[in-house]
Amino acid sequence: NSTVLPGLLILAAMLAGGPPAPAQPLPAPPPVSAGAARTLNDPIFPSLGQLGLDVRHYDVALTVAEPGTPELSGAVTLTLAATRPLAEVRLDFYGPTVTAVRWNGQAAPFRMEPDRQKLVVTPPAPLLPGQEARLTVEYQGAPGVILDPDFSTPLRLGWQAVPAGEGGAGANFTLSEPQGTHTFLPTNDHPSDKATFTTRVTVPPGFTAAASGLEGAVVEGSGTRTFVFTQAEPIPTYALAVHVNRFERVMAPPVPVGANGAPVVRRDYFPVGTADSTRSAYARTDEMLRVLSGWFGPYPFGAYGVAVVTPPLPALETATLSTMPVRSSNERVAVHELAHQWFGDAVSPATWADVWLNEGFATYAELLWTEAQGGDGQAVAARWYAILAQGGTRPLVATQAGQLFDRSAYQRGALALHALRAAVGDAAFRAFLHAYTARFSGKSLTTADLLTFAHTQVGGAGEAALRTWVESPGLPPLPVPAH
Ligand code: LEU
């Protein structure tokens, strides 16, 4: 699980003197008030989210006055709906100090539960199914620190700050998977509640902001520039990209791989001074889009590209704009993150236990890309198999946080697809992938949903091949598809 730094008790201390006590008596508790405190009960991160809350849209305004420092100020308006009556709205938030909360434009009582990383807002009346509300939260200061212990170097999730002088003029960006978005944005921070985003980022002159979605006109202020982005298709909260840097934005011709051949906007963001050897990893994005959409179906968003970052972090498939560290700037990782746009960003896991649905499919794209280059896909599969045979393996549904991004999620997940392909043949496998993305784009599913869907699409033999790789405690035999 994530570890909260004791240093961030500063945040708790600030908050202790911060939000006012509720100004009015709470409404009479409705029959469901006990349920209002219920989370989404994720098997890996049980404290995330709120049961019954459906955030449809986030309208985010972030101001980064001094890029490279952690400080930011934000104002976000969430469009909320409910699937059960909610007497309180409990957002995941471990961010800067909250300065104002409004419910449909009117000041609303709120409190922080820093230990649970929740911002709790009491609406004037419970939010009922069928209603929609606008909740505005304003905040300012430094984001909270949530560490991901899955990596040998502890990885700080969420809002990143790259100080000026470390090879640049100061930069900020998001790297949030699995649960870092709530360090800088109040959210229902769980992949089962996907939403659309409008993201406005205000920066000093000379800096460029980038974010998930299509870019609108830049608004020049007095001593500031505001960049606006529209992410029109729902994505999980962790997949939201926000970047601030001295960037060079490089446009490339649109690629006609969207739904019904719609053009996909192509833009990449390179920090000024990025080496050609880094940029060259992205020279074939056009071809990658064509190859992967051939297997997976239409590209699910209106734009694709990368934003390169300098710290030695893992790459992340932020929607429409993968976040690519310099050290991961190679074709294998580039194709992996691109594949995640379908698997992860458009088609999302219903719980964190199902994250192999992201990593297995994205890893399989590496094999498909190798084959598209005339390389030996079976040799790639055999290498994955050897890794698992040596290092051990587990059934694919994760039971603890340390498994989320392990070799089983990646290589065994990929071999599960190789087994499906071997069982049904290339044509049926391709048709299955197209049908899967068509059925689940914009949605979230469990591993059980995948197996059920496989049964309906490719029948019992295909489902059984997949199921063996999903469930068996040991390592099933290496699948060998006929071509
Ligand atoms: N989803 C990322 C990947 O593409 C990994 C994550 C841990 C940052 O492999």
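Atoms within each ligand, like the ligands themselves, are counted from 1 in listed order.
- Relative to atom 4 (O) of ligand 1, the option among E359, E177, E337 with the closest non-hydrogen atom is E337.
- Each of the atoms 7 (C) of ligand 1 lies under 4.0 Å from some heavy atom of F405.
- Using a 4.0 Å cut-off between heavy atoms, A315 contacts ligand 1 through its backbone alone, with no side-chain atom that close.
- Residues E233 and K194 form no side-chain contact, since every pair of their non-hydrogen atoms from C-beta on lies 4.5 Å or further apart.
- For an aromatic pair to be called close, the ring centres must be under 6.0 Å apart, and Y364 with F343 fails this.
- With contacts defined as side-chain heavy-atom distances shorter than 4.5 Å, the pair Y139/T97 does not qualify.
- Within ligand 1, counting atoms from 1 as listed, the ones closer than 4.0 Å to a heavy atom of E317 are 1 (N), 2 (C), 3 (C), 4 (O).
- Of the inter-residue distances, the one linking R430 atom CZ with W295 atom CH2 reads 4.5 Å to the nearest 0.5 angstrom.
- Panel note: side chain T174, backbone V242; a donor-acceptor pair is recorded below 3.5 Å.
- Within ligand 1, the atoms closer than 4.0 Å to a non-hydrogen atom of Y410 are 2 (C), 3 (C), 5 (C), 9 (O), numbered from 1 in the order shown.
- Near H340, with a cut-off below 4.0 Å to any heavy atom, the atoms of ligand 1 are 1 (N), 3 (C), 4 (O).
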